[in-house]
Amino acid sequence: MTTQEYIKNNQQKFIDELLDLLRIPSVSADSKFTDDVRKAAEFIRTALIDAGADTSEICETAGHPIVYGEKIIDPSLPTVLVYGHYDVQPADPYELWDSPPFEPVIKDEKIYARGACDDKGQMFMHIKAFEAMNATNSLTCNIKFMIEGEEEVGSDNLGIFVGENREKLAADIILISDTAIISNDTPSITVGLRGLSYMEVEVTGPNRDLHSGVYGGAVANPINILCEMITSMMDKDGHITIPGFYDKVAELSAEERKAMNAAPFDLDEYKKELDIQEVKGESGYTTLERVGIRPTLDVNGIWGGYTGEGAKTVLPSKAYAKISMRLVPHQNSDEITDLFIKHFQSIAPDYVKAKATPHHGGEPAVTPTDSVAYAAASAAFEEAWGKTPIPTRDGGSIPIVSLFKEVLGLDSVLMGFGLDSDAIHSPNEHYGLFNYRKGIETIAMFHKHFARLSR
Ligand code: BES
Ligand code: MN
Ligand code: MN
């Protein structure tokens with residue numbers, strides 16, 4: 001039997017196994033789910049052994065565990081290190097799901113569950129491709145798996161693990177499926193990711209909540225002030241006004257921008273899918289550029305005062321917001337964090353106190369298109385999809401990619417199979433059965449072409 005025949009014959013089994021994994025609510029951000037996160041790690045460890053790994057182990061960290069497994073068939077052959085994550089984002093708000101997030105259902109050829117796409121579904125394709133290659137004696141590369149449980153909370157402990165296990169993780173390439181393709185008609189390979197700097201801010205006015213009639217109009221309202229401060233951080237052209245923010249931003253050449261905008265993109269379809277009349281972003285850039293190569297500043301949450309039922313007349317003492325900045329080459333997240341803190345304090349008027357503290361961050365990444373691994377990924381798409389994939393820059397962040405380069409000296413191939421419409425991080429996250437099956441096929445082909453082109 002060929003690898004591709006094995007994949008075809010085992011479609012239902014592969015789906016059933018993924019559904020079992022999706023039933024484990026491995027939410028890394030919420031300590032209520034700590035035991036479930038470990039259960040998911042144990043599930044992956046066992047799945048690796050069942051698929052044919054020589055060894056598979058749970059590696060303890062200061063946080064959630066990392067699963068490591070490998071099969072070395074011949075040290076003289078190239079080694080592929082697969083990275084993925086088995087943790088998921090919180091499923092809140094639960095009431096917006098059409099079916100419970102941890103009770104996966106298949107509807108219209110799609111699997112609905114938290115993590116169906118990001119990243120359980122995409123990560124699990126690698127274990128199944130490995131199983132198929134192993135079962136049909138078709139492994140062409142050594143394979144190592146490093147599957148973490150803290151991607152959605154910043155991968156702090158993975159960074160430590162990588163630094164401490166350079167030899168164990170030695171490989172020729174890192175292979176990751178945790179990104180998107182343009183569409184099922186237009187496959188693509190991600191060659192750029194944005195970085196991230198994530199802040200929490202607090203503005204304090206009076207020393208206690210006040211009656212908004214007795215004091216209103218005479219004392220600064222920290223929520224009003226915070227809104228003004230946030231508004232002032234972006235001008236009418238969508239430029240961020242933090243001094244120095246753009247100093248290191250790499251500008252693309254006219255040619256590079258032209259190539260980027262040659263990718264198929266239907267603005268009307270985009271607006272329709274989001275139910276918006278118009279898009280909005282930095283002047284002078286297209287939508288593809290705005291998410292691919294330009295930095296951002298966005299409020300992710302804002303709160304303070306009274307938000308319960310009915311009305312309470314209160315002039316609050318404090319206001320808060322969580323603010324993210326997506327970064328592009330060659331911005332540095334620590335530098336941007338410092339610039340933000342300085343600026344935020346400098347624009348606070350005398351009648352409030354302002355404080356900004358950083359959460360996790362990460363560096364942007366670009367991956368080469370002139371490498372053997374890129375050529376292998378491209379050949380795999382050509383064989384499986386009958387089309388040459390287009391290189392694209394995604395707006396999301398996988399901070400560990402730049403760390404792999406820095407610590408292990410390794411480039412990553414970002415061979416994702418999700419769609420932007422899969423609703424990752426949102427209610428009703430889903431993953432197409434087509435993408436799941438095609439992904440497994442394409443991954444197996446990658447191993448074949450990578451070995452061939454590495455010779
Ligand atoms: N898989 C995503 C990142 C992603 C999504 C990249 C779509 C490209 C296209 C990843 O799990 C993620 O959500 N990353 C976080 C960053 C992390 C530090 C919390 C993000 O981008 O917000
Ligand atoms: Mn992910
Ligand atoms: Mn995610």
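In each ligand, atom 1 is the first atom listed, and ligand 1 is the first ligand listed. Computed over heavy atoms, backbone and side chain alike; hydrogens, waters and symmetry mates excluded. Only a predicted model underlies this, so the values are computations on that prediction, with no experimental measurement involved.
Taking 4.0 Å as the cut-off, Thr179 counts as a neighbour of ligand 1 on heavy-atom distance. Under the 4.0 angstrom criterion for non-hydrogen atoms, His85 is in contact with ligand 1. By the 4.0 Å heavy-atom criterion, Ile424 is counted among the residues contacting ligand 1. Note on ligand 1: Gly362 sits outside its first shell, no heavy atom being nearer than 4.0 Å.
Each of the following atoms of ligand 1 lies closer than 4.0 Å to a heavy atom of Arg326: 20 (C), 21 (O), 22 (O). For ligand 1, the atoms closer than 4.0 angstrom to any heavy atom of Glu151 are 10 (C), 11 (O), 12 (C), 14 (N), 17 (C), 19 (C).
At a 3.5 angstrom cut-off on N or O pairs, Gln89 does not count as close to ligand 1. Close N/O approach between Asp394 and ligand 1 is not found [any backbone or side-chain N/O within under 3.5 Å].
Each side-chain hydrogen bond (donor to acceptor under 3.5 Å, both in side chains) pair with one or both residues in residues 397-416, not counting sequence neighbours, appears once here: Arg326-Ser397, Lys405-Asp411.
Distances from atom 4 (C) of ligand 1 to the heavy atoms of Asp178, Asn300, Val153, Asp118 put Asp178 nearest.
Within His425, NE2 is the N, O or S atom that lies nearest to the Mn ion (ligand 3).
Judged by distance alone, the side chain of His360 and the main-chain N or O of Tyr198 form no donor-acceptor pair under 3.5 Å. Checked by atom type and distance alone, the side chain of Asp235 pairs as donor or acceptor with a backbone atom of Asp237 at under 3.5 Å. Under a 3.5 Å cut-off, the side chain of Glu57 and the backbone N or O of Tyr68 do not form any donor-acceptor pair. In this structure, Asp420 contributes its side chain and Ala180 its backbone to no donor-acceptor pair below 3.5 Å.
Remark: minimum distance from atom 15 (C) of ligand 1 to any protein heavy atom is reached at Ser397 O, 3.7 Å. With hydrogens left out, the protein atom closest to atom 19 (C) of ligand 1 is Glu152 O, 3.6 Å, a heavy atom.
Within 6.0 Å of CD on Glu109 lie no more than 12 heavy atoms contributed by other residues, nucleotides or ligands.
Between the side chains of Asp118 and Gln122, not a single donor N or O lies within less than 3.5 Å of an accepting N or O.
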Please output the side-chain donor-acceptor pairs of residues 264-272 that fall under 3.5 Å, not counting sequence neighbours, one pair per line with the distance.
unit_1, atom_1, unit_2, atom_2, d
Asp266, OD1, Asp268, N, 3.0
Asp266, OD1, Glu269, N, 3.1
Lys271, NZ, Glu278, OE2, 3.4

Name the atoms and distances for all side-chain donor-acceptor pairs under 3.5 Å in residues 87-95, with sequence neighbours left out.
unit_1, atom_1, unit_2, atom_2, d
Asp87, OD1, His85, ND1, 3.0
Asp87, OD1, Glu151, N, 3.3
Asp87, OD2, Ser28, OG, 2.7
Asp87, OD2, Glu151, N, 3.1
Asp87, OD2, Glu152, N, 2.9
Gln89, NE2, Glu152, OE1, 2.8

Ile44 and Leu21: side-chain contact (heavy atoms from CB on, under 4.5 Å), yes or no, with the steps? CA-CA 8 Å; Ile44 301 299; Leu21 174 60; 3.9 Å; yes
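Note on the Mn ion (ligand 2): protein N/O/S atoms under 2.8 Å are His85 NE2, Asp118 OD1, Asp178 OD1, Asp178 OD2.
Residue contacts with ligand 1, taken as heavy atom pairs separated by less than 4.0 Å, involve Pro399 solely via side-chain atoms from C-beta onward.
With respect to the salt-bridge test (charged N to carboxylate O, under 4.0 angstrom), the residues Lys258 and Glu255 do not qualify.
Shortest non-hydrogen contact noted between Leu48 and Phe130 is O-CE2, 4.1 Å.
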